[in-house]
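Worksheet for the structure shown next.
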Amino acid sequence: MASLRAHICCLLSYATFLSLISCDTLRENHVALFIFGDSLFDPGNNNYINTTANYQANFWPYGETFFNHPTGRFSDGRIIPDFIAEYAGLPLIPAYMQPDNKNFIDGVNFASGGAGALIETHQGYVIGLKTQVSYFKKVKKSLQQELGDAKAHKLLSRAVYLISIGTNDYLFPFSRNSSVRQSYLEEEFVAMVIGNMTISIKEIYKKGGRKFGFVNLMPLGCLPSMRANLGRRGSCVDELTKLAQLHNKALVVALQNLKNQLGGFKYSCHNFYESVSKRLSKPSKYGFEEGKTACCGSGPYRGILSCGGKRGIKEYQLCENVSEHLFFDSVHPTEKASQQIAELMWTGTVNITRPYNLRALFEA
Ligand SMILES: *[C@@H]1O[C@H](CO)[C@@H](O)[C@H](O)[C@H]1NC(C)=O
Ligand SMILES: *[C@@H]1O[C@H](CO)[C@@H](O)[C@H](O)[C@H]1NC(C)=O
Ligand SMILES: *[C@@H]1O[C@H](CO)[C@@H](O)[C@H](O)[C@H]1NC(C)=O
Ligand SMILES: *[C@@H]1O[C@H](CO)[C@@H](O)[C@H](O)[C@H]1NC(C)=O
Ligand SMILES: *[C@@H]1O[C@H](CO)[C@@H](O)[C@H](O)[C@H]1NC(C)=O
């Protein structure tokens with residue numbers, strides 16, 4: 001009897017010992033992933049806000065490829081952050097707005113389709129970047145309550161903060177009659193977008209964030225939606241692409257300044273402009289049949305954002321084989337394209353993802 005009790009006791013303490021060890025190693029090497037931004041990174045936050053179908057993708061055929069049901073992702077399947085989480089050995093990072101979501105140990109995703117760095121961008125229909133950062137502050141409080149200040153601080157300083165923002169700030173003034181942009185010079189407008197984005201980055205830094213991952217802007221004038229609506233005979237809209245180029249130049253300078261100003265600030269910036277341009281000009285080199293025309297939508301280049309038939313226009317076409325396309329709908333890349341981009345963000349060399357790739361940031 002005594003020896004049996006000793007045996008049980010031994011088993012228990014051995015189990016406790018193991019769990020302590022694994023707990024400690026988890027904490028030691030654990031890198032969480034926090035995500036901010038727009039529809040490129042939104043896993044379904046807009047499913048839970050009072051908005052319109054223009055800002056949502058929680059209907060068929062969105063989600064047809066990987067999940068087999070719509071999730072709110074603006075893609076046939078997974079989006080870039082889903083692949084980054086996989087490469088980092090993390091589970092899919094859930095939407096912050098998802099009601100049952102209370103565990104933030106692995107990180108959480110605040111991104112919202114249609115969001116911009118400027119408050120005016122689709123105001124009232126989306127969760128803007130500033131509001132996303134205010135939610136992050138709540139998450140920090142909740143982590144502090146759960147783990148204590150020291151462990152929460154450690155988790156936040158080791159975490160990677162992935163951000164995709166800016167596209168909507170530039171598209172918004174083109175998409176409807178908006179007084180926002182017309183009253184500014186291009187350079188001033190870009191400075192304002194970058195300035196607001198910088199404020200949000202500094203807020204995250206103040207709360208303990210150190211490692212940031214970015215994508216710059218695609219050649220915006222070449223999105224199927226822009227080509228179809230504004231481009232002459234389907235050519236790219238140079239005015240918009242030029243804005244993206246100005247933004248991307250200013251982003252390089254802003255990130256370098258942040259690095260110089262903020263101790264311990266590290267970043268990775270993927271040249272999304274370059275990787276999309278290459279796939280547009282030589283789709284077959286990257287395994288696509290079609291770069292210009294979306295898989296899902298209507299009108300020329302399927303450039304009308306009618307995919308799913310819920311945004312005011314009921315009729316739309318859907319391609320047979322989504323893997324042949326760079327764009328799924330008139331604005332967003334397919335899962336296949338997203339995976340290629342995510343790989344370049346994760347392991348890309350300095351000619352495409354600099355100064356570090358995301359793998360290096362996660363290991364740092
Ligand atoms: C949602 O937005 C619509 C239009 O903006 C408004 O009429 C409605 O009252 C809002 N609903 C809620 C629950 O806030
Ligand atoms: C961002 O830009 C808007 C103008 O859209 C401005 O009113 C606001 O103060 C700026 N700052 C932040 C943090 O959003
Ligand atoms: C935009 O403004 C122009 C000129 O002011 C007007 O002709 C046009 O109908 C407006 N478009 C929309 C969608 O409001
Ligand atoms: C779909 O397209 C991809 C890329 O072109 C190709 O590899 C694949 O074989 C196609 N699948 C079918 C069922 O045709
Ligand atoms: C970057 O350089 C590698 C070799 O170092 C090359 O294979 C790759 O094609 C280059 N990528 C780009 C986008 O230029």
Side-chain angles (χ1 to χ4, degrees), residues 39-44 57-87 92 164 167 215 217-228 231 233-236 241 270-310 315-349 351-353 357-358:
S39 54
L40 274 174
F41 286 4
D42 180 358
N58 51 353
F59 40 82
W60 191 263
Y62 289 101
E64 64 166 5
T65 308
F66 179 77
F67 299 99
N68 289 314
H69 63 90
T71 63
R73 286 169 176 77
F74 293 78
S75 166
D76 55 298
R78 286 163 289 182
I79 52 176
I80 290 170
D82 297 328
F83 291 107
I84 301 300
E86 184 192 322
Y87 304 153
L92 287 179
S164 161
T167 297
V215 287
L217 301 187
M218 294 186 267
L220 296 180
C222 300
L223 296 174
S225 64
M226 296 302 133
R227 227 186 254 279
R233 276 193 247 112
S235 62
C236 298
T241 301
H270 172 65
N271 194 347
F272 196 29
Y273 185 99
E274 184 73 13
S275 48
V276 169
S277 298
K278 285 191 164 164
R279 283 159 181 77
L280 273 170
S281 63
K282 278 212 172 76
S284 63
K285 191 174 165 196
Y286 302 93
F288 301 103
E289 304 280 321
E290 182 53 60
K292 291 178 184 166
T293 299
C295 166
C296 186
S298 49
Y301 304 96
R302 297 195 184 131
I304 297 169
L305 193 56
S306 57
C307 181
K310 303 262 188 201
E315 261 123 64
Y316 66 96
Q317 289 100 48
L318 180 65
C319 65
E320 295 231 327
N321 184 351
V322 65
S323 321
E324 291 176 354
H325 290 258
L326 179 58
F327 288 100
F328 179 60
D329 68 14
S330 49
V331 178
H332 304 100
T334 54
E335 172 180 275
K336 177 170 158 180
S338 298
Q339 177 164 22
Q340 292 182 0
I341 303 302
E343 277 172 16
L344 290 170
M345 291 168 71
W346 187 251
T347 52
T349 51
N351 55 4
I352 195 74
T353 302
N357 57 34
L358 283 179

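All ligand and atom numbering here is 1-based and tracks the order in the structure. We number each residue from 1, following the sequence as shown.
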Show me a pair-per-line table, with atom names and distances to 0.1 Å, of protein N or O atoms that are under 3.5 Å from an N or O of ligand 4.
{"residue": "ligand 4", "atom": "2 (O)", "partner": "N321", "partner atom": "OD1", "Å": "3.4"}
{"residue": "ligand 4", "atom": "2 (O)", "partner": "N321", "partner atom": "ND2", "Å": "2.3"}
{"residue": "ligand 4", "atom": "11 (N)", "partner": "N321", "partner atom": "ND2", "Å": "2.8"}
{"residue": "ligand 4", "atom": "14 (O)", "partner": "N321", "partner atom": "ND2", "Å": "3.3"}

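In this model, no donor atom of one side chain and acceptor atom of the other lie less than 3.5 Å apart for Y316 and D329. Of the N and O atoms on the side chains of T71 and R73, at least one donor lies less than 3.5 Å from an acceptor on the other residue. If you check the side chains of T353 and H270, you find a donor sitting under 3.5 Å from an acceptor.
Under the 3.5 Å distance criterion, the side-chain polar atoms of K292 are left unmatched by any main-chain donor or acceptor of R227. E335 places a side-chain N or O within 3.5 Å of a backbone atom of R78 that can act as its donor or acceptor partner. Under the 3.5 Å distance criterion, the side-chain polar atoms of S306 are matched with a main-chain donor or acceptor of S298.
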